Structures are given as C-alpha cells and as structure tokens.
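In what follows, a structure is listed as structure tokens, so that the remarks can point back to it.
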Amino acid sequence: MAAIAPLSLLRNCAASTARTFVSVKPACIVSSTTLFPLPHLSRRLQFHARATNNEEAAARAAAVNADSGAPTIFDKIIAKEIPSSIVYEDEKVLAFRDINPEAPVHVLIIPKFRDGLTQLGKAEARHGEILGQLLYAAKMVAEKEGILDGFRVVINNGPEACQSVYHLHLHVLGGRQMKWPPG
Ligand code: AMP
C-alpha cells in the first residue's frame, strides 16, 4: 500500500511532472510514473502542493520564451501602460509592490532598460553598474519601508528557481520573521 509522500517528495514530484500534470489537484502520492489525489491531506498541505505545482509549471512555460527578446509584463509597468504601486523610481531603476505578496513588504526592483538582463545568469561585465544600482535600491526600499532590521533580497534565476518573468528583478521581502532555509 502506498504511503503518504512527505512534502519534500511532493515538491520533487511536482518538479518532475509539472509539464504533464499541471492540473493535478489536490496533493499527490508518488508512484514511479504518476500522481494520485490525496484528499485526506490537510488543506494547508494540499494548497502548498498545488501552489508549488503551479509555480513550477508557470516558470517552465515562461522559460520557453526567455531569450526571445519579447516584452514582458514589466515593460508595460515601466511604460505605465498598466497600473503598479511604485515605491521608488529614478532614471535607471523602478521599484513597485509585487501583485502577489509573499510577505507584508514585497517589492520588486527592476532595471528600466533590460539590456539583455532577462535573468541574472545573463549578466556580463558591462552590467556591473546597474547591478550595483539595483542592490543599492534594495537598501533604499528597505529603509523606506521600515524593514532595515530584517529583510531579504531574492533573485530567482531560471525555471529551476521558479523565475516567471524574464526581466531581471530583485524581490525585497520583509515585515515578518523570515525563515531559513528558503523553499
Ligand atoms: P519571479 O517568479 O521571480 O519571476 O517573480 C515575478 C514576480 O512578478 C512574481 O512574484 C509576481 O507576483 C510578480 N508580478 C507579476 N505580474 C505583476 C504585476 N502586474 N505587478 C506586480 N507584480 C507582478
């Protein structure tokens, strides 16, 4: 008889099957080839497994066009074609609140000119200045938001890190006790 998969296994199973099982709900047990619903798992665990599955599937889908040079949702935000809650802005950098916050403070910081920086992994020596400006902007945002005593800066790079928008961005997170290690 199959046993309930621990969360770590659920994560792995979601990662390895995200493309073919994006609609599998709720959480699952793992056999060698497939996933089965586990309706008796706690709602929290089911939610976590579903969210993990969706994020990973979305990240893999986004990665397909990563190097196409196509505009992203962030270009629309920079152009003010869609609304955003701007926290900080200067000539080179824009910081705005994440639409799906993972903490009381969750701000994204982006270069206004992408210049090939779809992700940190594409950085070249010539990007050194803007990378420094982004990091300094993270400190300024943390100060402005009153979270200098504890904040985290995250860059998700590529599908295995669940990057979903291919315009380099720093997540600045804070306003609650952060946990370690991150998921
Ligand atoms: P990542 O998964 O690291 O690529 O992060 C992309 C982030 O962009 C996610 O946290 C999304 O919630 C956020 N996001 C996507 N669309 C918007 C939007 N229109 N306004 C603000 N944040 C957004």
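Just so you know, these numbers come straight off a predicted model, no measurement behind them. No hydrogens, no waters, no symmetry mates; every other heavy atom, side chains included, goes into these values. Note that ligands are numbered from 1 as they come in the structure, with each ligand's atoms numbered from 1 the same way.
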**Q.** Identity and distance of the protein heavy atom lying nearest atom 5 (O) of ligand 1
**A.** H169 NE2, 2.9 Å
Q.
I want to check something: taking the side chain as every heavy atom from C-beta on, are V93 and K112 in contact at a cut-off of under 4.5 Å?
A. no
Q | Shortest heavy-atom approach to atom 12 (O) of ligand 1 - which of D98, V165, I99, L170 | A | D98
Q: Using a strict cut-off of 4.0 Å, indicate which atoms of ligand 1 neighbour a heavy atom of I77.
A: 18 (C), 19 (N), 20 (N)
Q) How does L108 reach ligand 1, by side chain, by backbone, by both or by neither, if only non-hydrogen atoms under 4.0 Å count? A) side chain
Q | Contact partition for Y166 relative to ligand 1, non-hydrogen atoms under 4.0 Å | A | neither
**Q.** Expected output: side-chain E143 to main-chain E145 donor-acceptor under 3.5 Å
**A.** no
Q) Between F74 and Y166, does the ring centroid distance fall short of 6.0 Å? A) no
Q. Going by the atom numbers of ligand 1, which of them fall below 4.0 Å from some non-hydrogen atom of S164?
A. 1 (P), 2 (O), 4 (O), 5 (O), 6 (C)
Q) Of Q163, R97, H171, which has the heavy atom at the shortest distance from atom 3 (O) of ligand 1? A) H171
Q.
Holding to side chain to side chain contact (heavy atoms under 4.5 Å, CB included), I want the full list of residues that pass it with I155, two or more places apart in sequence or in another chain.
A. L120, L168, L170
Q | Per-atom contacts, ligand 1 versus N100 - under 4.0 Å to a heavy atom | A | 12 (O)
(Q) Donor-acceptor check, side chain of H169 to backbone of Q119, threshold 3.5 angstrom: yes or no? (A) no
Q: Could you say whether the N/O atoms of C162 and ligand 1 ever approach to under 3.5 Å?
A: yes
(Q) For T72, is there any backbone N or O sitting under 3.5 Å from a side-chain donor or acceptor partner on D75? (A) yes
Q: Applying side chain to side chain donor-acceptor pair (under 3.5 Å) between H171 and each of R152, E102, H106, report the one that passes.
A: H106
Q: Indicate, as side chain, backbone, both or neither, the part of E102 found under 4.0 angstrom from ligand 1 when only non-hydrogen atoms are considered.
A: neither
